[in-house]
There are 2 protein chains.
Amino acid sequence: MKITALEEYGLRCLVAIAKSGEQGQLSISEIAEMEGLSIPYTSKLLSILGKAKLLDAVRGRSGGFSLARPAENINLMEITMALAGPLMDSNHCEKYTGLLDECVHLDNCSVYNVYSGLAGYVTEYLQSTTLADMIDESITGRLQRMKI
Amino acid sequence: MKITALEEYGLRCLVAIAKSGEQGQLSISEIAEMEGLSIPYTSKLLSILGKAKLLDAVRGRSGGFSLARPAENINLMEITMALAGPLMDSNHCEKYTGLLDECVHLDNCSVYNVYSGLAGYVTEYLQSTTLADMIDESITGRLQRMKI
DNA sequence: AATAATCTTTACAAAGTTGTAAAGTTTTAG
DNA sequence: CTAAAACTTTACAACTTTGTAAAGATTATT
């Protein structure tokens, strides 16, 4: 279980845009500059977030990206799903890669059960944290100790 | 954030050994057979778990693997650490891969804070679940709804 | 002592992820 | 209506993870 690069850097870009204010808009090159990322990579990150409808993209000369919804209304679970997908495939037990036709535990899989419980737990945490929470200076330092 | 293949299949092997009883011992080929995995792959998984001191390995003709400690005393956090390492590198903010010499958020990183909080949360869940819980038929089906 | 069963280590091909590069499309300013 | 600024798409090299393969080391049995 690892946090992926897309998740980390994609979230940074969202935070940067959220920090630019209610109707704030930033271009790829502005964000790349602010976050110290390359323009092509920033471009890829924002493109993913745009397709996931978390960002609105405006093309052309005065274009850029802005939040598709208010920061209070975008939670980390949506962001994580857009950038990395679910913790475990929903059809986990069918996607077994071993030698047999299907997993021997299909009927009662304790591994699936425990990871499924964990996934629910993680989801609770991520859903309860919004972009607005992340740019709120008064609580940002405490997020690491927060227990929802 | 994805559960890795090593985590999943490694945990399965541990559960299989735990199910074999208190002083139970299983060979690589037995476990491979039981779980429907190839012998080389099973071999790799068990080798990792042995190096992490979660399993004792006995070589030679009547050899095999057994739990290094009672199942009640091996929790999922240790297993996850052995098979996948931490959710986020401890020196996360130093390992930034962007264009600059160092991350622009080194002093106050909301992304780090929030993932750090999540990591603590996940750790709680994993530490509170043991191999013994996973082979206990009476609760295994309920693990997925358990909130610690 | 020889042998067979078993764990151990190293090497490697296939697949997926990360980050870069370049060419294409849209829009606004002048 | 042209050109510059900006988003979009596709391709690809480098790296990591996944799973396989083969040769080596250890021990119980005969």
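Per chain, numbering begins at 1; letters A, B, ... match sequence-line order.
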Whole-Å distance between [N] [atom2] and [X] [atom1]?
X: A/Ile48; N: D/dT8; atom1: CD1; atom2: C1'; result: 13 Å
X: A/Leu37; N: C/dT20; atom1: CG; atom2: P; result: 9 Å
X: B/Tyr9; N: D/dT18; atom1: OH; atom2: P; result: 11 Å
X: A/Lys2; N: C/dT18; atom1: NZ; atom2: C1'; result: 15 Å
X: B/Gln25; N: C/dA5; atom1: CD; atom2: C1'; result: 12 Å
X: B/Ile3; N: D/dT17; atom1: CD1; atom2: C1'; result: 16 Å
X: A/Lys44; N: C/dA22; atom1: NZ; atom2: C1'; result: 14 Å
X: B/Tyr41; N: C/dA14; atom1: OH; atom2: C1'; result: 14 Å

Report summary line: The residue, A/Lys51 or B/Ser43, whose nearest nucleotide of DNA chain D is more 5′ is A/Lys51
Given [options], identify the nucleotide with an atom nearest to the side chain of [X].
X: B/Arg61; options: D/dA21, D/dA28, C/dT20; result: D/dA28
X: B/Ala5; options: C/dG19, D/dG19, D/dT26; result: D/dG19
X: A/Ile28; options: D/dC7, C/dT8, C/dG19; result: D/dC7

Report task. Give a yes or no on this: more than 12 heavy atoms of other residues, nucleotides or ligands lie within 6.0 Å of atom CD of B/Glu33. Result -> no
Indicate, with a heavy-atom threshold strictly under 4.0 Å, whether [X] touches base, sugar-phosphate, or nothing.
X: B/Gly60; value: base
X: B/Gly50; value: nothing
X: A/Leu6; value: sugar-phosphate

**Report entry** side chain to side chain contact (heavy atoms under 4.5 Å, CB included) between B/Met88 and B/Ser116, intermediate numbers included
**Finding:** CA-CA 8 Å; B/Met88 186 173 53; B/Ser116 175; 4.1 Å; yes
Report task. State whether B/Arg69 and B/Glu78 are salt-bridged, where the test is any N-O pair (Lys NZ or Arg NE/NH1/NH2 against Asp/Glu carboxylate O) under 4.0 Å. Result -> yes
Query raised in the report: With nearest nucleotides of DNA chain C determined for A/Pro40 and A/Ser62 from heavy-atom distances, which residue corresponds to the more 5′ nucleotide?
Result: A/Pro40
Query raised in the report: Is there a path from A/Ile39 to A/Met34 through hydrophobic residues (I, L, V, M, F, W, Y) whose side chains come within less than 4.5 Å of each other?
Result: yes
Report task. Is it possible for you to say whether B/Tyr112 and A/Leu126 belong to one hydrophobic cluster, with membership spreading through side-chain heavy-atom contacts below 4.5 Å? Result -> yes
Query raised in the report: Does B/Ser47 place a side-chain N or O at less than 4.0 Å from the phosphate oxygens OP1/OP2 of C/dT8?
Result: no
Query raised in the report: Side-chain N or O of A/Ser38 less than 4.0 angstrom from OP1 or OP2 on C/dG19?
Result: no
